[in-house]
Novice: 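I'd like to ask some things about the structure below.
Here is the naming used below: chain letters follow the sequence lines, and residue numbers restart at 1 for every chain.
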Amino acid sequence: MTTRSGVAPDGVVVTGLGVVCPTGADVDGFAAALRAGVSGIGLRPATVDGEAPGMRPRLVADLRGFDLPGRLAGLPQLPETTRRAAARVAGRSPLAIQAGVAAAVESWLAAGLHRAELPGERVGIVVAGHNLTGALAERARAGYQASPAHLPGRFALWYLDTDHVGSISQILGITGEGYTVGGASASGNVAIINAARLVAGGELDACLVVGALTALSAMEAQAFHNLGAMAGAAGADGPQQRCRPFDTRREGFVPGEAAGCLVLESAGSAARRGAEPLARVAGYAARLAGTSLPEPDLRGEVGVMTEALRRAELIPAEVDYVNAHGTGSPLGDDVEAAALRAVFGPDRPGPWINSTKALIGHCLCAAGVVEAIAAVVQMRGGFVHANPNLDESIAPDLRLVGRRAEPAEVRVAVSNGFGFGGFNTSVVLTSTTGRGRPSAARR
Amino acid sequence: MAALRRRVLEVLPDLDPAQVTDGSSLKELGANSVDRADVVTMTMDDLGISVPVREFHDVRDIGSLARLLRGHLG
């Protein structure tokens with residue numbers, strides 16, 4: 001029974017969520033912060049090294065106060081063996097690994113997988129992210145230059161992005177298929193798509209999708225800043241007003257530090273285990289723009305939303321909510337607004353639209369996973385979160401949520417992820433509760 | 001030995017400090033190959049010494065490791 005293989009014609013569902021983000025230490029905390037419109041964006045201390053302090057990126061939504069042992073100690077249902085394994089494997093690991101472990105453990109418990117209902121080889125892990133260790137390398141370099149002989153040998157493991165795969169699989173006893181995938185800022189959706197395929201194709205019964213915390217090194221952050229992609233810290237507004245997706249005064253993105261984890265599972269496996277499906281992965285699409293550049297791609301953005309809905313057997317009018325890529329980039333938001341207009345047409349009111357990046361910054365490689373979690377949380381909570389800095393919309397014809405959350409019945413959600421280098425992705429999530437699958441989908 | 005003991009307990013947090021004796025080996029205490037390398041480099045860093053990797057080949061237990069490291073102290 002548990003070692004069966006073959007496709008999962010009954011679909012792929014979400015059975016667990018876990019998150020560590022600037023506004024929430026877990027999914028419940030994140031949900032409350034989304035509902036209240038809490039912003040996690042602040043200022044780094046002014047840098048004293050180098051020249052031109054006014055030209056340095058200082059805005060960030062960071063993970064202040066995160067503590068893995070404390071977090072795990074607060075989970076009474078966590079088996080002691082798992083807690084000890086986490087302490088042993090990741091007790092001294094970099095922040096990104098520890099945050100990934102915390103999110104993975106939360107989703108594992110939420111899905112009920114700690115009850116050992118699935119053999120390890122039927123569970124896999126796909127980690128969203130690449131180039132995750134720049135900040136770690138930057139910190140290690142000073143010690144290395146002072147004395148190469150004292151560089152910890154463990155750095156040979158820590159510098160690998162795949163340390164997420166190894167660490168989490170060891171702690172949770174995952175022995176099915178696993179790897180990292182990359183798609184720049186679309187990495188999260190690329191990982192969701194890969195994991196959904198593994199589950200739908202019968203390779204796995206369940207797959208963890210880990211959005212890896214992307215802590216930019218100072219040099220990497222400066223490069224985004226110098227490229228003109230990042231919002232500056234100057235101006236009359238406070239830091240929390242500087243990330244302004246779809247507002248006329250937007251300047252660019254603000255980096256955010258978060259890790260998230262979704263458990264994707266075949267509907268059949270979830271039913272056999274009695275695990276509650278939280279949402280369904282109803283459709284997805286990914287397309288390249290055929291470019292090495294950061295420019296957004298209207299045709300590709302329209303294409304992936306349209307194709308993802310077609311695969312979900314839904315029409316645009318059935319979409320209740322779009323979690324936009326919406327980084328707050330001047331050109332990126334304009335193009336996404338045009339794409340949304342093209343997909344959803346002139347019929348009003350159209351779907352609710354917001355950008356979670358206004359609250360927790362752009363979590364880069366983790367963004368797609370964290371934003372899918374935000375979509376499921378809003379679907380199950382019956383609301384759409386605020387766009388707190390939307391004073392003057394660049395697209396008054398689109399139904400962007402205003403400065404307060406709105407009650408909303410979300411049965412069909414679209415989550416967009418676009419990345420430098422031509423990555424266009426869109427994922428469709430549908431509700432498993434309430435009125436269920438929209439009736440029109442039966443055509 | 002005190003510096004070594006401190007790093008052993010940091011790398012192996014579940015260990016009972018009483019188990020870290022001259023006659024015990026890191027491997028027997030549950031340290032894997034990467035743990036053992038970490039204990040050595042971290043302790044060398046604390047003591048401000050560098051010991052060539054080949055000199056560790058004769059190390060059998062924590063006592064002989066401590067003696068080797070001590071031998072390189074100024």
Novice: Quick one: does Ser217(A)'s side chain have a donor or acceptor within less than 3.5 Å of a partner on Glu220(A)'s backbone?
Specialist: yes
Novice: Less than 4.5 Å apart, side chain to side chain, heavy atoms only: is that true for Asp45(B) and Arg7(B)?
Specialist: no
Novice: Is there a side-chain contact between Leu262(A) and Leu17(A) in this structure, where contact means two heavy atoms from C-beta onward sitting under 4.5 Å apart?
Specialist: yes
Novice: Which answer fits Leu12(B), side chain, backbone, both or neither, if we ask what part of it has an atom under 4.5 Å from a heavy atom of chain A?
Specialist: side chain
Novice: Is there any residue in residues 140-161 of chain A with a non-hydrogen atom under 4.5 Å from a non-hydrogen atom of chain B, and which ones are they?
Specialist: Ala149(A), His150(A), Leu151(A), Pro152(A), Gly153(A), Arg154(A), Leu157(A)
Novice: Identify whether the distance between the nearest side-chain nitrogen and carboxylate oxygen of Asp38(B) and Arg92(A) falls below 4.0 Å.
Specialist: yes
Novice: What's the separation between atom CG in Leu95(A) and atom CG in Asp67(A), rounded to the nearest 0.5 Å?
Specialist: 11.0 Å
Novice: Quick one: are Val263(A) and Trp108(A) in side-chain contact, heavy atoms under 4.5 Å?
Specialist: no
Novice: Can you confirm whether Arg71(A) sits close enough to Val20(A) that some side-chain heavy atom of one is under 4.5 Å from a side-chain heavy atom of the other?
Specialist: yes
Novice: Could you please state which residues from residues 56-69 of chain B sit under 4.5 angstrom from chain A, measuring non-hydrogen atom to non-hydrogen atom, sorted by number, or 'none'?
Specialist: none
Novice: Between Arg5(B) (side chain) and Val20(B) (backbone), is there a donor-acceptor pair under 3.5 Å?
Specialist: yes
Novice: Spell out, as yes or no, whether a donor-acceptor pair under 3.5 Å connects the side chain of Ser187(A) to the backbone of Gly182(A).
Specialist: no
Novice: Using non-hydrogen atoms and a 4.5 Å limit, figure out which bit of Val53(B) sits close to chain A: side chain, backbone, both or neither.
Specialist: neither
Novice: Taking the side chain as everything from C-beta on, heavy atoms only, tell me whether Arg88(A) gets closer than 4.5 Å to Gln170(A).
Specialist: no
Novice: Just how far is it from atom CG of Leu208(A) to atom CD1 of Ile174(A), taken to the nearest 0.5 Å?
Specialist: 4.5 Å
Novice: What part of Met44(B) gets within 4.5 angstrom of chain A, counting heavy atoms only: side chain, backbone, both, or neither?
Specialist: both
